[in-house]
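Beneath this line is the structure, given in structure tokens, with notes to follow.
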Amino acid sequence: MISKCLFPAAGYGTRFLPATKSMPKEMLPILTKPLIQYGVEEAMEAGCEVMSIITGRGKRAITDYFDISYELEHEIKGSPKEELLEGIREIIETCTFTYTRQNEMKGLGDAIYKGKVLVGERDPFAVILADDLCFNPKGEGVLKQMVKLYEKYRCCIVAIMEVPEEEVHKYGIIEGNVIEDGVYIISNMVEKPDVKSAPSNLAVIGRYILTPEIFKMIETTKPGKNGELQITDALCEQAKKGIVIGYKFKGKRFDCGSVDGFVEATNYFYAKDQKH
Ligand code: G1P
């Protein structure tokens with residue numbers, strides 16, 4: 001039912017300089033797979049077939065990655081290395097990739113709005129922030145869990161998790177009432193509050209299911225934190241007019257936008273690979 005997934009991927013990735021000077025942060029690998037591939041695989045598992053990527057200057061490596069590389073494939077044909085390309089080959093054969101550019105960094109809300117031309121205004125769609133790497137060792141991926149919840153509630157859904165108080169300033173923070181185990185109806189959302197004004201320690205992480213009404217909300221949202229158009233503020237408006245759900249997902253989330261989280265993810269997936 002949710003066939004399109006939007007990947008905002010226009011950011012500079014300054015925390016990984018100099019590596020990201022000439023390479024998109026979404027292409028940094030966890031073991032041998034770029035971060036964005038983990039996101040695309042999660043979206044595929046959730047039933048998405050169209051991957052819509054918001055790129056920017058210096059991000060052509062992403063477009064090339066999700067395309068066939070004839071020369072390379074010809075070179076390794078018949079060798080054991082061929083199987084290393086099987087995963088990405090399957091993705092290219094199964095999914096359609098669409099792209100548009102965000103020309104100026106005006107915030108996540110603006111990036112998502114740029115995606116309107118790709119996802120259209122008729123159907124709900126998913127959003128994955130690839131530097132939040134999510135993995136559920138015990139079963140279904142986070143986006144799939146959210147798609148199931150969407151089938152029940154048919155409204156915008158954000159994935160949430162508890163964070164330590166000293167970290168609330170890094171996230172969109174929600175306030176809400178529990179309606180079933182792990183499911184909250186959101187009454188308020190604040191982008192990157194300081195500890196004193198944070199309504200809770202429930203942080204939004206980079207997984208969203210949005211209904212097309214969000215585009216209207218973004219149109220009337222004023223620039224917020226850091227002068228940027230925040231999706232958190234648009235969703236807060238949506239929450240006041242209708243229903244927005246916060247879902248405490250099952251599984252792990254690695255903050256691969258930070259060096260610590262990136263190393264943690266690398267170690268985790270390396271240990272997991274060794275077991276097989
Ligand atoms: C964005 C959102 C924020 C959310 C976070 C999750 O912030 O604006 O609400 O909590 O992603 O990773 P960013 O980390 O891009 O600054």
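Excluded from the calculations below are hydrogen atoms, water molecules and symmetry mates; all remaining heavy atoms, backbone and side chain alike, are included. Whatever order the structure lists ligands and atoms in, that order sets their numbers, starting from 1.
- Glu42 has a carboxylate O that lies under 4.0 Å from a charged side-chain N of Arg207, or vice versa, which qualifies the two as a salt bridge.
- Salt-bridge check for Glu213 with Lys241: failed, with every basic side-chain N at 4.0 Å or more from each acidic carboxylate O.
- Checking only distances, Glu191 does come within under 3.5 Å of ligand 1, N or O to N or O.
- Of the options Arg207, Lys192, Lys170, Met161, the smallest heavy-atom separation from atom 16 (O) of ligand 1 is shown by Lys192.
- Geometrically, ligand 1 and Val204 share a nitrogen or oxygen pair separated by less than 3.5 Å.
- Within the 4.0 angstrom cut-off, atom 10 (O) of ligand 1 has one or more protein heavy-atom neighbours.
- Between Tyr171 and ligand 1, not a single N/O pair is under 3.5 Å apart.
- Under the 4.0 Å criterion applied to side-chain N and carboxylate O atoms, Asp123 and Lys4 are not assigned as salt-bridge partners.
- Protein heavy atom closest to atom 12 (O) of ligand 1, with residue, atom name and distance, is Asp132 OD2, 2.8 Å.
- For a threshold of 3.5 Å applied to N or O pairs, the pair formed by Leu108 and ligand 1 contains no separation below that value.
- At a 4.0 Å heavy-atom cut-off, ligand 1 does not touch Asp131 at all.
- In this structure, a donor-acceptor pair under 3.5 Å is absent between the side chains of Glu191 and Tyr171.
- By the 6.0 Å contact criterion, CD on Glu219 is enclosed, its count of non-hydrogen atoms from other residues, nucleotides or ligands being greater than 12.
- Of all atoms in ligand 1, numbered sequentially from 1 with element shown, those under 4.0 Å from a heavy atom of Thr232 are 9 (O).
- Note that Lys33 lies in the cation-pi zone of Tyr38, set by a 6.0 Å cut-off to the ring centre and a 45° limit from the axis.
- Those atoms of ligand 1 that come under 4.0 Å of a heavy atom in Gly172, given as number and element, are 3 (C), 4 (C), 9 (O), 10 (O).
- If you number the atoms of ligand 1 from 1 as listed, the ones under 4.0 Å from a heavy atom of Leu129 come out as 11 (O).
- Side-chain atoms of Glu49 and Thr94, non-hydrogen and from C-beta on, never get closer than 4.5 Å to each other.
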Derivation of the salt bridge (Lys or Arg N to Asp or Glu O under 4.0 Å) call for Lys77 and Glu73: CA-CA 6 Å; Lys77 201 169 177 51; Glu73 290 188 20; over 6 Å; no
